[in-house]
**Student:** 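The structure is given below, and queries will be raised subsequently.
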Amino acid sequence: MFPSSVSAQIDRLCSTAHASRCKKGGKVIVLKMATLILSVVCVLFIRGCSACFNYDDNKSMSIATGNTYYQECICNETGYGIQNLEWRDKDDNVISAGPGTDSNIYLEYQGDRVNLHIENISKTMSGTYKCITKFEGQQYAQNFDIEAYEPLIFHNAPKTQYLLEGSDSRIDCIARGDSEPIINWEKGVDKPIEIKSGEKYQLTPQGLIVKNVTVKDGGTYKCAASVIQTGEQADRFINVQVLTVPVIKNINAMPEATVGEGESLTLECIVEPMPEPEYIWRKIENNNENSSQILNETTNIIVFNNVSINDSGIYECIVQNKAGNATRKIEVTVLQMPKIIDFKNRTEVEGTNITIICNATGHPEPNITISAIKRDDYEDGEYVVIIPPDWQVEHTYQGSIVCEATNEMGSDVKEMYLEVLHKPYFNKLVKFEWGWTGKTVNLSCAHKSNPPAEIVWRYHGNDIRTEEQVEINKNLLEMLSSAKDHYLPIIIDKNFSYGIYECEAKNEIGAVTKTVTLKQGFVPPEITNASIIDLTATSVLFSIEEPKGLTGPDIVGFTAEYDKAENYNITNIHNNRTWGLERPFKLEKLKPNTKYQIKFAAQNAVGTGPWGETLEFITLKKSAPEPPVWDLDFVETSSACDQVIKWKIPEDNGEPIDMYTLRYCTVHNITYERICVEENVEKTTHLELRDLECNTTYSVELVAHNAIGNSTVASISFVTPVNTTEESESILPAGVIIGIAVVVVILCIVLLDLILYFWKKQGILATCCCKNNKKTKNTTLNSRDKKGLLRDNCESTDDSLKRPNKGHKEYEYNKTTGIITGKHSAV
Ligand SMILES: *[C@@H]1O[C@H](CO)[C@@H](O)[C@H](O)[C@H]1NC(C)=O
Ligand SMILES: *[C@@H]1O[C@H](CO)[C@@H](O)[C@H](O)[C@H]1NC(C)=O
Ligand SMILES: *[C@@H]1O[C@H](CO)[C@@H](O)[C@H](O)[C@H]1NC(C)=O
Ligand SMILES: *[C@@H]1O[C@H](CO)[C@@H](O)[C@H](O)[C@H]1NC(C)=O
Ligand SMILES: *[C@@H]1O[C@H](CO)[C@@H](O)[C@H](O)[C@H]1NC(C)=O
Ligand SMILES: *[C@@H]1O[C@H](CO)[C@@H](O)[C@H](O)[C@H]1NC(C)=O
Ligand SMILES: *[C@@H]1O[C@H](CO)[C@@H](O)[C@H](O)[C@H]1NC(C)=O
C-alpha cells in the first residue's frame, strides 16, 4: 500500500475527477480526455464515488476514565453537507443528542463538521464510535475504537507516615490502575536504594513492611507504581518518621510546686521531642488512684491563674502516641494563710475547767497559740500566759484572750473577751489603821467581784455593851448608804470609835470578809539618843535614833530647838529646825567657837512628841575651809575631749573662801611620765579644762583657800573620751619630725659614746658622764610645748603652794611614741 500521505493525495485528486464526471458531463474533448485518463487511474485505485468522505478509517485510542473525549468528523466533499454525516455509538445506535443535554454523549455541529463529545468516560463506554457517511448505497465510516481504562491512582499512601520503633510496621502504599500495577520501593532520594523483600523488608499489596524498626528506618521512601498494559507509571514519595515510645523528662512547676493561695502556677510536661504527642492530664485526689479526674487540658501545659486550696493534689501527665505512652506525677501543694474562723467571747465561772477553742483554717495546718494576760491582784504584775487545753479558769485572766494561728505563710490573730464570774477579792483581808481624835479614817472595802457584790459593814467594839454595839451597827448601815465606792469614813470623836470593823462582800459565787482594826495612835515618845557626828566652826551634824516604843503612825521627821547657850535662859524664842527622815540632820551658819544648846523631838501624823534632853556643844575655832565636794553632773563641752569639772562650795569654817587651786595631771602607765597643769580660780565652782588629750586618764586635785589657809585636797580622776574624728592628731607636725630626727642622731652619738666608754674608756662620757643630756634636748622643746604644759612654775604668783621643783625642769624623750614630756619629779 501507499504511504498514507500519498494515498490521501490520490484520494483528493480522484474525488475531484469523480465530481467533474458526475456533475458537469464532458464538454471539452481535451478535458474529457484528461478526465478519462484520471478516471481510469482513479478506478484503478478507488472503488467508486464517495459522500462526505469516500474512504473508511480506523483509529483506536486508550483514554483514562473520567476524561473527556472529543472527535471531529469533517464533511469536505463539495456538494455534501453535515446532514450526510452520522455518528453511531459503540452499540451502533445513532447519536442524536445535542449540546446542553443531560446526556454524557452529545454532538456539536460546527460548519462542515460534526464533533462527538464524551464528557466523562467510564469503563463501560469503551467501544467503537463511528462517523458514517452514505451516498447511493455506498457507506464510508471513520471508526474510533475507544478503550477506557482506569488511571493509575494511589490509594492509602499518605505522604507522611510513621513506623513504630521496635516493631514490624508497614508503610502503606496501594495503587490501582486498569490492571494491577507493579509496585517497586526505593529508599532515599539522593542515592536511592532499591528495596527487595527479605530479612528486613517484606513487600505486600498493602505496602512495605519494615521489620524490627529502628530510628534509622526513618527517611524518604519512594513507592513507584506502573501498569504495563497502559504504560502508565507514578511515583509517590513518602516521608517516614519513626515513632518512639514517649519519654517524659520532667514536669516543671513554675514558679514552684508549692505555691501560696491566689498565686499563679504553671505545670509543664517536658517530653523528649517526638511527632504527634497526645497529652492527657489527670488529677489524683487525696493520693487515691481511684478518685482521679481527667482534666480538660490537651497540651503539655496547665496554667492556674489563681490557685485555690482545692488545686492541691497529685497531677499526672500522660503522653501517648501510637508507639506507647509515658506518665509522670507531680505533687502540687497550695499553702494557705491561716485564718481564725471561730474564736468567740465567753463567760465562765472561776474554778471550772474549760477548753478555749480557736478554730483556724490554713495549709499547712497552723500552729495555734492561745494566750492571756494575767493581772495579779496583790502584786502590780502582768504576765502573758499560754492557756492550755482543759484549763482551770482564774479571775485574774478576765479580759482579752488572744489566739494566734501561724504557719509558713503567715499568721492570723484574733482576740476574744473572757468574762470570769468570781467571788469578791480584796487586796488584803486584814488591815490596821491608826486613828486619833479629830481624824477622819477612810475605811476601805474596795474589792473586785463579778457580778458586783453587796457589802455589809459590822463593828466589834472594844469592851462595849451589846446595846451600844447594835446602835453603832445601825448607824454604820446608814453611813453605808451615803458612803460611796465601798469607802467608809469614820470620824473619830468617841472612844468606842476604835475597834474591829468587818466588811463582808457577797455575790452569787461567794462571800469574803475583810477586817480592819482601827487602833488609837499616839505621838512618838521622847528621843533618848542624839549624838554629834561631825562638828566644824560653823556647822554640826547629828545622828538621831528613832525612839523605841512607838504606838501610832510611823515617825516622819525630827524637829530641833537650839540657841547659843548664853541666850537660852534669857528668851523663850529660839531657832528651830525640822528635818524629814531622809535629810542629814545638820545645822549650818553657826558662829565659830561658840557654845550652843539643842533639844530634839520626833514627829508623826498624830503630832510632835515630847522634847528630849538638852545637848550642849561648842563650835570649832575659825580655820582653813573644808575641802570642796565634787559635783558630778555632766556638762557638754565644745571639744569632745575637754571636760568641765564642778564642785560645791564647802564650809568656809569662819572665813570666806577667796580662791580655789586646781591641779590636773595625766595618768599613764608606769612607763609614761605625768604632765600637770595648775590653775587658780576665784569665786567660781566650775572650770572647763581645755586642750585635754583624748583617751587619757586625768587626776584632778582641788584645794579651797580662805584667810586662814588651804583646805585638804579633794581628788577626782576621769578618762577623756576616745576621739573618733581624731586623724590629724596622729600625724606629727613637721617640726616634731625634725626634732625626733635630731634626737635620734644625738642618741646615736650618745650610744656610740657609751660603747666607746665601756670598750675603750674614751669619749665625752668618759670625761664628764653626768651633764650632757639636758642641754641637747632643750632645742626640741618648742615644737611640743604648744599647750603650755611645760610652763615654768616660777610664773605662778601663788607662793602659798608648796611645790617642789620650782624653776627647775626636766624633759624626757620616749622612744616608742616620740613624745617629749616635761618631767615633774613631784608627781
Ligand atoms: C531488632 O533489632 C535490634 C537491634 O538492631 C536487635 O538487637 C534485635 O535482636 C532485633 N530483634 C529482632 C526480633 O530481630
Ligand atoms: C473547726 O471548723 C470546722 C469548719 O467549720 C469544723 O468542721 C471543725 O469541726 C471545727 N473544729 C473544732 C475543733 O471545732
Ligand atoms: C466580745 O467582748 C468585747 C468586750 O466586752 C466586745 O467589745 C465585743 O463586742 C464582744 N464580741 C462579740 C462578738 O460579742
Ligand atoms: C476614801 O478614799 C478613797 C480612795 O482613796 C477616795 O476615793 C474617797 O473619796 C475617800 N473618801 C473619803 C470620805 O474621804
Ligand atoms: C546612841 O546612838 C549611837 C550612835 O548611833 C550608838 O552608838 C549608841 O549605842 C546609842 N546609845 C543608846 C543608848 O542607844
Ligand atoms: C520656829 O522659828 C520660827 C522663826 O525662826 C518661828 O516663827 C516659829 O514660831 C518657830 N516655831 C516653833 C514651833 O517654835
Ligand atoms: C585608749 O587607751 C587604752 C589604754 O591606754 C588603749 O588600750 C586603747 O587602745 C586606747 N583606745 C584608742 C581608741 O586609742
Side-chain angles (χ1 to χ4, degrees), residues 258-263 283-288 290-291 293 304 306-314 331-378 380-427 446-455 485-486 505-510 512:
T258 299
V259 286
E261 198 178 28
E263 291 171 19
K283 186 185 175 199
I284 298 164
E285 304 278 1
N286 308 324
N287 236 335
N288 177 1
N290 295 334
S291 83
Q293 173 199 349
F304 301 88
N306 184 355
V307 175
S308 85
I309 191 80
N310 296 331
D311 292 327
S312 303
I314 295 172
E331 178 159 13
V332 171
T333 308
V334 178
L335 302 181
Q336 192 187 31
M337 275 282 285
K339 187 164 176 10
I340 295 169
I341 54 172
D342 189 11
F343 197 52
K344 293 200 187 82
N345 284 357
R346 289 177 76 151
T347 301
E348 300 293 339
V349 174
E350 185 171 37
T352 51
N353 280 23
I354 61 165
T355 296
I356 294 178
I357 290 166
C358 178
N359 202 349
T361 58
H363 188 84
E365 194 171 312
N367 266 344
I368 306 277
T369 312
I370 300 171
S371 57
I373 292 172
K374 177 187 167 88
R375 293 163 199 84
D376 208 292
D377 281 334
Y378 306 106
D380 265 352
E382 291 196 343
Y383 320 91
V384 175
V385 177
I386 304 291
I387 306 291
D390 197 26
W391 168 70
Q392 195 169 37
V393 179
E394 292 172 35
H395 75 280
T396 46
Y397 290 87
Q398 169 154 314
S400 286
I401 308 275
V402 174
C403 172
E404 188 172 7
T406 309
N407 68 11
E408 43 207 81
M409 284 292 283
S411 61
D412 189 21
V413 176
K414 269 217 164 71
E415 212 177 295
M416 65 97 133
Y417 189 83
L418 174 68
E419 185 175 351
V420 182
L421 301 177
H422 59 88
K423 65 176 186 184
Y425 281 95
F426 291 100
N427 277 356
H447 64 272
K448 278 191 209 159
S449 72
N450 189 14
E454 297 272 307
I455 66 168
D485 301 333
H486 313 146
K506 184 177 180 184
N507 66 9
E508 291 99 279
I509 322 287
V512 178

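In listed order, ligands and their atoms are each counted from 1.
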**Student:** Do you see a protein non-hydrogen atom under 4.0 Å from atom 14 (O) of ligand 3?
**Tutor:**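 Yes, there is one.
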
**Student:** Minimum heavy-atom separation for Met409 to Met337, with atom names?
**Tutor:**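 Distance-wise, the nearest heavy atoms are O-SD, 3.3 Å.
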
**Student:** What is the nearest protein non-hydrogen atom to atom 3 (C) of ligand 3, stated with its residue, atom name and distance?
**Tutor:**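 Nearest protein contact, heavy atoms only, for atom 3 (C) of ligand 3 is Asn345 ND2, 3.5 Å.
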
**Student:** With respect to Asp342, determine whether any N or O atom, backbone or side chain, lies less than 3.5 Å from an N or O atom of ligand 2.
**Tutor:**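 No: no nitrogen or oxygen of Asp342 is under 3.5 Å from one in ligand 2.
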
**Student:** Can you find a protein heavy atom under 4.0 Å from atom 5 (O) of ligand 3?
**Tutor:**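 Answer yes: something from the protein, a heavy atom, is under 4.0 Å.
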
**Student:** Write down the atom of His363, the atom of Thr333, and the distance for their closest heavy-atom approach.
**Tutor:**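 Closest pair (atom of His363, atom of Thr333, distance): NE2-CG2, 3.7 Å.
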
**Student:** Given Asn359, Ile357, Ile341, which has its nearest heavy atom closest to atom 1 (C) of ligand 2?
**Tutor:**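 When every heavy atom of Asn359, Ile357, Ile341 is considered, Asn359 comes closest to atom 1 (C) of ligand 2.
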
**Student:** Does the protein put a heavy atom under 4.0 Å from atom 9 (O) of ligand 2?
**Tutor:**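 Protein heavy atoms within 4.0 Å of atom 9 (O) of ligand 2 - there are none.
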
**Student:** Just say parallel, tilted or perpendicular for the rings of His395 and Tyr425, cut-offs at 30° and 60°.
**Tutor:**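 The rings of His395 and Tyr425 lie parallel, inter-plane angle below 30°.
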
**Student:** Could you check whether any side-chain heavy atom of Asn450 comes within less than 4.5 Å of a side-chain heavy atom of Glu350, counting everything from C-beta outward?
**Tutor:**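 Result no, sub-4.5 Å side-chain heavy-atom pair not found.
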
**Student:** For Ile340 and Asp412, which heavy atoms make the closest approach, and how far apart are they?
**Tutor:**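 It is N-OD2, 2.7 Å.
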
